[in-house]
Amino acid sequence: MTRIATWNVNSVKARLANVTGWIAETRPEIVLLQEIKCETDAFPRAAFEELGYHAAVVGQKSYNGVALLSTLPVSDVLDRLPGEPEDPQARYVEATVGGLRVASLYLPNGNPVGTEKYPYKLRWMDRLHERARALLAEEVPFVLGGDYNVIPAPEDVYDPVGWTEDALFRLDTRRQFRKLLNLGLTEAFRALHPQERHAYTFWDYQAGAWPRDNGLRIDHFLLSPGAADRLVSCTIDRGPRGREKASDHTPVIVELADPVS
DNA sequence: ATGGTTGTTGGACAA
């Protein structure tokens with residue numbers, strides 16, 4: 001069995017004790033981090049090495065930044081999403097782990113709509129679509145996990161009407177997300193839990209969102225057909241969101257059965 | 001409607 005977790009940690013340095021503590025007790029084989037908010041050289045690599053993890057890190061000063069941790073060696077690291085070579089934002093890292101291609105991605109938020117941020121988000125989703133198409137053509141099983149900043153459907157937000165015009169829930173955003181799925185990818189959580197409500201992965205720090213359970217489901221795993229065939233479970237661990245100095249996101253974990261040989 | 005919060009950073013900006 002392979003367990004893969006994704007977690008937007010909102011600064012790996014400010015959150016180091018929470019993150020290492022959770023990894024030590026959960027022990028996923030692969031951990032995908034987003035919003036590490038530090039440069040590659042400043043990533044607290046040693047703290048994760050002590051726990052037995054290799055790391056592929058794509059950092060940036062102050063904002064963004066992604067990482068992929070793995071108990072197995074990591075090879076063939078891709079440190080950017082192709083399609084916009086001038087894009088300076090550190091939002092994508094992809095690598096081979098075992099026989100799997102795995103990506104940790106931080107899709108742009110896109111707010112406020114009406115600024116350059118929203119078209120950037122849509123272009124980024126186009127680029128991800130192209131990347132998924134290329135990976136499918138390679139016929140290697142893959143897992144794209146991360147903070148998609150996409151609310152896929154009304155049941156994934158506490159107040160769908162209030163969020164209609166938000167960049168995370170606009171029709172253009174959802175249409176792009178569906179287009180990605182229509183390539184033949186499986187969104188792990190909804191595939192296994194078609195009826196579940198209030199299965200949120202993010203709660204704002206403001207306005208008592210956490211105690212009121214005013215959440216969003218925006219952290220996802222998209223699986224290639226070969227990976228989806230092996231999908232055993234997908235769970236959201238609310239525990240870390242309730243702790244001291246919590247990130248505003250909580251981890252999602254998928255379990256994949258070993259490949260049949 | 002506004003403001004409510006957190007992180008980076010030392011004033012806004014991003015979320």
Side-chain angles (χ1 to χ4, degrees), chain A residues 6-22 32-45 47 57-67 81 84 87-93 104-125 128 145-152 156-170 172-174 176-177 200-220 236 238-252:
Chain A
T6 184
W7 193 5
N8 177 324
V9 294
N10 185 19
S11 171
V12 72
K13 286 194 263 184
R15 212 76 59 211
L16 190 57
N18 301 44
V19 176
T20 55
W22 183 81
L32 311 177
L33 303 177
Q34 300 87 37
E35 278 208 271
I36 60 173
K37 289 187 171 178
C38 66
E39 292 180 290
T40 303
D41 291 342
F43 187 80
R45 198 173 279 276
V57 181
V58 179
Q60 178 183 336
K61 190 179 171 67
S62 307
Y63 306 116
N64 309 317
V66 288
L81 187 58
E84 221 173 293
D87 187 354
Q89 302 193 30
R91 294 180 174 276
Y92 192 84
V93 62
S104 174
L105 65 92
Y106 178 42
L107 206 146
N109 177 296
N111 282 305
V113 173
T115 68
E116 181 47 39
K117 289 168 184 289
Y118 192 61
Y120 172 65
K121 176 178 194 153
L122 295 181
R123 286 203 309 281
W124 209 94
M125 295 182 83
L128 185 60
D147 177 359
Y148 280 74
N149 271 314
V150 173
I151 301 162
D156 298 314
V157 49
Y158 67 96
D159 173 21
V161 172
W163 282 73
T164 306
E165 282 308 314
D166 192 276
L168 279 62
F169 192 53
R170 294 197 84 204
D172 283 339
T173 305
R174 285 189 267 164
Q176 282 272 67
F177 188 73
Y200 304 133
T201 65
F202 164 91
W203 297 259
D204 202 287
Y205 288 124
Q206 304 181 71
W210 168 248
R212 295 165 193 249
D213 196 26
N214 287 344
L216 315 174
R217 195 173 72 88
I218 56 176
D219 299 270
H220 309 298
I236 299 165
R238 287 186 175 232
R241 185 61 181 84
R243 308 237 169 92
E244 283 299 305
K245 294 264 299 172
S247 170
D248 40 7
H249 295 250
T250 215
V252 185

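Quick caveat: nothing in here was measured; it's all calculated off a predicted structure. Per chain, numbering begins at 1; letters A, B, ... match sequence-line order.
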Worksheet item: Counting only N and O atoms by type, is there a donor-acceptor contact under 3.5 Å from the side chain of A/Asp41 to the main-chain atoms of A/Gly59?
Response: no

Worksheet item: To the nearest angstrom, how far is A/Arg212 atom CZ from B/dG4 atom P?
Response: 14 Å

Worksheet item: How many Å lie between NZ on A/Lys61 and P on B/dG7, as a whole number?
Response: 18 Å

Practice prompt. Indicate whether OP1 or OP2 belonging to B/dG7 is found under 4.0 Å from a side-chain N or O atom of A/Arg15.
Written response: yes

Discussion item. Distance check, P atoms only: B/dA14 and B/dG10, in whole angstrom units.
Written reply: 15 Å

Worksheet, complete the sentence: Per nearest nucleotide of DNA chain B, the residue lying toward the 5' end, A/Ala207 or A/Ser11, is A/Ala207

Worksheet entry | Within 45° cone of A/Tyr148 ring axis and under 6.0 Å: A/Arg217 NZ or CZ | no

Discussion item. Nearest heavy atom decides the nucleotide; on that basis, is A/Gln89 or A/Lys13 closer to the 5' end of DNA chain B?
Written reply: A/Lys13

Worksheet item: Whole-Å distance between B/dA15 P and A/Tyr63 OH?
Response: 8 Å

Response to the item:
Here the distance between atom P of B/dC13 and atom CG of A/Asn64, to the nearest Å, is 16 Å

Worksheet item: In whole Å, what separates the C1' atom of B/dC13 from that of B/dA1?
Response: 23 Å

Worksheet item: What integer distance in Å separates A/Asn10:CG from B/dC13:P?
Response: 19 Å

Practice prompt. Anything under 30° is parallel, anything over 60° is perpendicular, the rest tilted; go ahead and classify A/Phe177 against A/His220.
Written response: tilted

Item to complete: In whole angstrom, give the distance that lies between atom CD of A/Glu39 and atom P of B/dT8.
Response: 13 Å

Practice prompt. Could you state the atom-to-atom distance from CZ of A/Phe43 to P of B/dT8 in whole Å?
Written response: 14 Å

Item to complete: Nearest whole angstrom, please: distance from the P of B/dA14 to the CD1 of A/Ile36.
Response: 19 Å

Worksheet item: Do NZ/NE/NH1/NH2 and the carboxylate oxygens of A/Asp172 and A/Lys121 come within less than 4.0 Å?
Response: no

Worksheet item: Between A/Lys37 and B/dA14, does any side-chain N or O lie under 4.0 Å from OP1 or OP2?
Response: no

